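Read through the structure below, which is laid out as structure tokens, and then see the notes.
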Amino acid sequence: MPELPEVETVKRGLEGRIVGKTVVKVDFDWPKGFPNAPGDVEAFLLGASITQIQRRGKALIIEISTGYALVIHLKMTGQLVFVAANQSDRFGAGHPNESLVAKLPDTSTRVVLDFSDGSKLYFNDQRKFGWMRLMPILAVEDLPFFQKLGPEPMASSTTNAMLRARFTNRKNSMIKAALLDQSVLAGVGNIYADEALWGAKIHPRTRVGQLSDSELNTLFTELRSIMEQAIASGGSTDKNYVNADGQKGSYLQIARVFRREGQLCKRCQTTIEKIRIVSRGTHICSACQKERL
DNA sequence: CACTTGACCTGTCCGC
DNA sequence: TGCGGACAGGTCAAGT
């Protein structure tokens with residue numbers, strides 16, 4: 001389930017691997033995942049080169065020399081995996097990714113881009129929730145998804161005061177629902193919502209209006225800190241997520257509550273519980289994160 | 001408008 | 001062993 005740290009990790013991986021490369025072939029057989037007008041691929045992608053890669057929220061924007069861009073959302077099980085021309089150089093016998101690369105393309109492969117140097121980029125998506133779309137760069141920001149998207153939590157221009165104002169617009173929501181709402185704040189998903197709430201000692205069912213300014217500030221500080229650590233760990237791999245080299249992220253090895261139900265709270269040794277809030281699996285320490293009525 | 005819930009998908013796991 | 005059902009969770013549409 002790629003959230004901001006996972007998508008950022010993919011973005012950084014792709015920057016060093018596909019920028020400057022020329023696309024010579026595109027294979028896809030899945031209209032819902034690549035819903036483009038006939039002819040777009042030939043006119044605006046083939047023969048063109050990758051110029052830069054951006055991330056906004058959980059979406060990636062791969063810009064192309066034709067003034068078009070590939071906009072990609074990995075949703076829950078999407079992967080973007082780069083494979084060099086000579087696989088054995090990078091994924092030879094004994095390499096941790098040998099088995100993964102050996103089976104690409106697999107049954108989850110939706111799109112394959114071939115570059116002129118023989119390398120390839122695979123877009124895999126087991127559950128088909130993700131999408132990839134070719135469109136003019138100038139039209140990207142007009143997509144409803146980007147129109148509604150809230151500010152970037154890690155940007156220096158995003159202040160606590162600004163975030164407090166956005167959250168308190170949703171004062172009757174549970175804080176976890178507000179954190180997951182991409183129109184309030186971009187990039188937070190189930191993993192880092194639980195991790196940040198534990199860090200700030202806030203029960204996820206608390207209504208936004210019940211939180212003081214200082215509690216909200218602590219929550220935002222925790223969120224930034226957690227996301228920074230997650231990026232440094234290459235993101236979180238629960239099942240599907242891998243980076244641009246096909247490697248897993250290691251954040252869950254240092255996670256405090258997520259997927260730690262039944263284990264002890266690292267702060268107070270109480271057993272971590274898994275409950276259900278806003279239809280999502282939610283991990284809490286009921287001693288550190290007291291529910292208020 | 002604020003807020004919640006179900007649908008979209010497929011692979012996996014659990015109980016029978 | 002096989003099978004039904006619950007579960008995983010990002011976003012959007014539709015509901016209250």
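Quick caveat, the model's predicted, so the values are computed rather than measured. Residue numbers start from 1 in every chain, and the chains themselves are labelled A, B, ... in the order their sequence lines are given, proteins ahead of strands.
One atom, CD1 of A:Ile277, and another, C1' of C:dC7, lie 17 Å apart when rounded to the nearest Å. Taking atom CD on A:Glu6 and atom P on C:dA8, their separation rounds to 18 Å, with Å as the unit. Atom CD of A:Glu261 is separated from atom P of B:dC13 by 15 Å (rounded to the nearest Å). Counting to the nearest Å, the C1' atom of C:dC7 and the CZ atom of A:Arg276 are 7 Å from each other. Counting to the nearest Å, the P atom of B:dT10 and the CG atom of A:Asn124 are 15 Å from each other. For the pair A:Arg205 CZ and B:dC3 P, the interatomic distance rounds to 18 Å; values are reported in whole Å. Going from atom CZ of A:Phe167 over to atom P of B:dC3 covers 12 Å, rounded to whole Å. For A:Asn240 and B:dG11, the CG to P distance is 10 Å, given to the nearest whole Å.
Grouping Ile, Leu, Val, Met, Phe, Trp and Tyr by side-chain contacts under 4.5 Å, direct or through others, puts A:Ile272 with A:Trp198, A:Val257. A:Leu264 belongs to no hydrophobic cluster, as no Ile, Leu, Val, Met, Phe, Trp or Tyr side chain comes under 4.5 Å of its own. Taking Ile, Leu, Val, Met, Phe, Trp and Tyr as members and joining any whose side-chain heavy atoms lie under 4.5 Å apart, directly or through other members, the hydrophobic cluster of A:Ile275 also contains A:Met174, A:Leu180, A:Ile277, A:Val278, A:Ile284.
Remark: A:Lys128 is not in phosphate contact with C:dG10, judged by side-chain N or O atoms under 4.0 Å from OP1 or OP2. In this structure, A:His73 reaches the C:dT11 phosphate: one of its side-chain N or O atoms is under 4.0 Å from OP1 or OP2.
For the pair A:Asn169 and A:Thr107, nearest-nucleotide mapping onto DNA chain B gives the more 5' position to A:Asn169. Looking at which nucleotide of DNA chain C each of A:Leu149 and A:Asp238 is closest to, the 5′-most match is held by A:Asp238. With the nearest nucleotide of DNA chain B identified for both A:Lys239 and A:Arg280, A:Arg280 has the one nearer the 5' end.
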Mind running side-chain hydrogen bond (donor to acceptor under 3.5 Å, both in side chains) on A:Glu152 and A:Thr158 for me, showing each step along the way?
CA-CA 7 Å; A:Glu152 290 289 326; A:Thr158 303; over 6 Å; no
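Residues meeting the ring-ring contact (aromatic ring centres under 6.0 Å, His included) test with A:Tyr241, sequence neighbours left out: none. Applying the side-chain contact (heavy atoms from CB on, under 4.5 Å) criterion to A:Ala139, with sequence neighbours excluded, gives A:Met135, A:Pro136. Listed by chain and residue number, A:Arg267 satisfy the side-chain contact (heavy atoms from CB on, under 4.5 Å) test with A:Lys201 (two or more places apart in sequence, or in another chain). A search for side-chain contact (heavy atoms from CB on, under 4.5 Å) contacts involving A:Ala69 returns A:Ile61, A:Glu63, A:Ile137, A:Val140, not counting sequence neighbours. In terms of the side-chain hydrogen bond (donor to acceptor under 3.5 Å, both in side chains) criterion, residue partners of A:Ser225 (sequence neighbours excluded) are, by chain and number, A:Gln229.
For DNA chain C, each stem of at least three Watson-Crick or G-U pairs (distances under 3.5 Å) is given as range with range: B:2-8 with C:10-16, B:10-16 with C:2-8.
Listed nucleotides: B:dT4, B:dT10, C:dG10. Nearest to the side chain of A:Gln126: B:dT10.
In terms of polar N and O atoms assigned as donor or acceptor, the side chain of A:Arg127 comes within less than 3.5 Å of the base of C:dA8 in a complementary pairing.
Each side chain to side chain donor-acceptor pair (under 3.5 Å) pair with one or both residues in residues 139-150 of chain A, not counting sequence neighbours, would appear here, but there are none.
Listed by residue number, A:Asn172, A:Ser173 are the residues of residues 172-192 of chain A with a heavy-atom contact under 4.0 Å to DNA chain B.
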Between the protein and nucleotides 12-15 of chain C, are there any N/O to N/O pairs under 3.5 Å, and if so, what are the atom names and distances?
unit_1: C:dC12; atom_1: OP2; unit_2: A:Lys148; atom_2: NZ; d: 3.3

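Between A:His73 and A:Phe145, the ring-plane angle classifies as perpendicular under the 30° and 60° cut-offs.
Ring centroids of A:Phe167 and A:Phe220 are separated by less than 6.0 Å, placing the two rings close together.
Using atom P as the reference point in both B:dC9 and C:dC3, the two lie 24 Å apart (nearest Å).
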